[in-house]
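FYI, side chains are in, hydrogens and waters are out, and symmetry mates aren't considered; it's all heavy atoms of this structure. Counting starts at 1 for both ligands and their atoms, in listed order.
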Amino acid sequence: MEGAARAVTTAPVTVCGALDGVAVHRIDLRGGDLEVSILTWGATIQRLRVHGPRGPHDVVLGFGSCDEYLKHRLYMGCVVGRFANRVADGQFSLDGTAYQLTRNENGINHLHGGVNGFSRRVWSIGGVNERAVDLVLVSPDGEEGYPGTLTAHCRYSIEEGRTLSIALSAVTDAPTIVNLATHSYFNLDGEDSILRHRLQIPADTYLPATNAGIPTGEFRPVDGTPFDFRQMRDVQAPDALPQRYDNTYVLAPSAGGIRRAARLESRGTAMEIWSTEPGIQFFDGGTMRSVPGRNGAMYRAYSGLCLEPQRFPDSPNQRGFTDCTLRPGETYRQTTEYRFEVA
Ligand code: FUC
């Protein structure tokens with residue numbers, strides 16, 4: 001596969017480690033004003049650099065070596081699946097059959113696809129050129145407790161206008177549930193904290209969650225609360241200690257296309273996220289423990305924030321949430337774009 005890829009590519013593909021004897025590759029994409037390094041480990045964005053008048057600068061957190069991704073369960077830059085965020089008690093029923101998923105968060109809930117979810121698997125390279133790479137992962141029937149063999153695709157491509165496009169899709173051979181999400185920690189300017197980044201999320205309601213991160217089922221208006229990001233404002237709520245942000249924001253219906261899901265700004269760099277997804281999880285990174293990051297940086301609480309377009313957490317157990325069932329013959333699809341501007 002790699003040989004075929006070499007014939008059509010000018011993008012460097014290098015071995016950067018191994019997991020259980022399987023080589024992990026890094027693919028360095030370049031196009032326009034973006035440079036992106038993708039790891040086959042977890043379909044991870046290891047590095048994303050934007051070129052501007054002040055030179056190139058990093059806009060996501062990342063580790064320098066594969067070993068560090070293995071060591072730190074931060075889901076840094078990866079694609080999480082089969083089911084992003086949490087499934088309460090790891091349990092759900094589908095077509096009258098009850099399933100028990102791995103309970104990998106404090107032995108209680110299922111988080112981000114389990115102990116060895118998609119973020120901790122080596123994806124195959126399906127194709128690569130200078131500006132794009134296709135990654136493929138086959139998840140066997142029963143993996144982490146999920147029914148059906150699921151074949152997932154992730155295509156990263158650099159588009160015109162400083163845009164990184166991410167196309168996710170999946171098919172199954174038996175009824176199952178799917179909710180994939182991209183999980184980069186953004187920091188647009190390399191400052192220690194993202195609390196002074198400015199954020200806008202065009203959502204009138206959000207999903208309150210229990211302390212364990214399970215949505216209560218309520219769609220709560222953001223109006224008059226620290227969760228109101230309808231107007232661009234600092235991440236840190238006014239007159240408040242850092243507010244814990246780890247909730248899904250409910251976006252307007254997308255009618256199948258992509259629409260703006262968030263805008264983030266800091267010191268002359270801006271990023272808009274456009275997506276097909278019904279919700280966007282905003283996680284402020286406040287629970288991150290100190291870890292050494294790339295190039296001698298020390299990552300700690302609020303070093304980066306996550307904005308993760310996805311379906312609603314715990315959907316299989318919540319009436320009134322989006323349906324996450326995937327059946328044979330259907331194709332799950334998500335398109336998400338990170339669109340950058342530099343001044
Ligand atoms: C986000 C959060 C979770 C978790 C994870 C590492 O997706 O919603 O709570 O902390 O990241």
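- Of the protein's non-hydrogen atoms, Asp246 OD1, 3.1 Å is the one closest to atom 2 (C) of ligand 1.
- Shown here is Asp192, whose CG atom has no more than 12 heavy atoms of other residues, nucleotides or ligands within 6.0 Å.
- Only one option out of Glu308, Gln281, Met76 pairs with His183 in a side chain to side chain contact (heavy atoms under 4.5 Å, CB included); it is Glu308.
- From the protein, the heavy atom lying nearest to atom 5 (C) of ligand 1 is His112 NE2, 3.4 Å.
- Here the heavy atom of the protein found nearest to atom 4 (C) of ligand 1 is Arg86 NH2, 3.8 Å.
- The pair Asp89-Arg103 meets the salt-bridge criterion, since a charged nitrogen lies less than 4.0 angstrom from a carboxylate oxygen.
- The protein heavy atom nearest to atom 10 (O) of ligand 1 is Phe283 CZ, 3.7 Å.
- Panel note: side chain Arg333, backbone Thr276; no donor-acceptor pair is recorded below 3.5 Å.
- Listed by number with element, the atoms of ligand 1 under 4.0 Å from a non-hydrogen atom of Asn85 are 8 (O).
- Residue-ligand proximity, Tyr75 to ligand 1, at heavy-atom distances under 4.0 Å covers atoms 6 (C).
- Near Glu308, meaning under 4.0 Å from any of its heavy atoms, are these atoms of ligand 1: 1 (C), 7 (O).
- Using a 4.0 Å cut-off to heavy atoms of Gln281, the atoms of ligand 1 that qualify are 8 (O).
- For the residue pair Glu105/Asn109, the side-chain donor-acceptor check at 3.5 Å is not satisfied.
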Show which side-chain atoms of residues 261-269 pair as donor or acceptor with protein atoms under 3.5 Å away, not counting sequence neighbours.
residue	atom	partner	partner atom	Å
Arg263	NE	Glu265	OE2	2.8
Arg263	NH1	Glu272	OE2	2.9
Arg263	NH1	Glu341	OE2	3.0
Arg263	NH2	Glu265	OE2	3.2
Arg263	NH2	Glu341	OE1	3.1
Ser266	OG	Asp189	OD2	2.4
Thr269	OG1	His57	NE2	2.9

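- Among protein heavy atoms, the minimum distance from atom 11 (O) of ligand 1 is reached at His183 NE2, 2.9 Å.
- Comment: Asp28 does not engage Arg47 in a salt bridge, judged by the lack of any side-chain N to carboxylate O separation of less than 4.0 angstrom.
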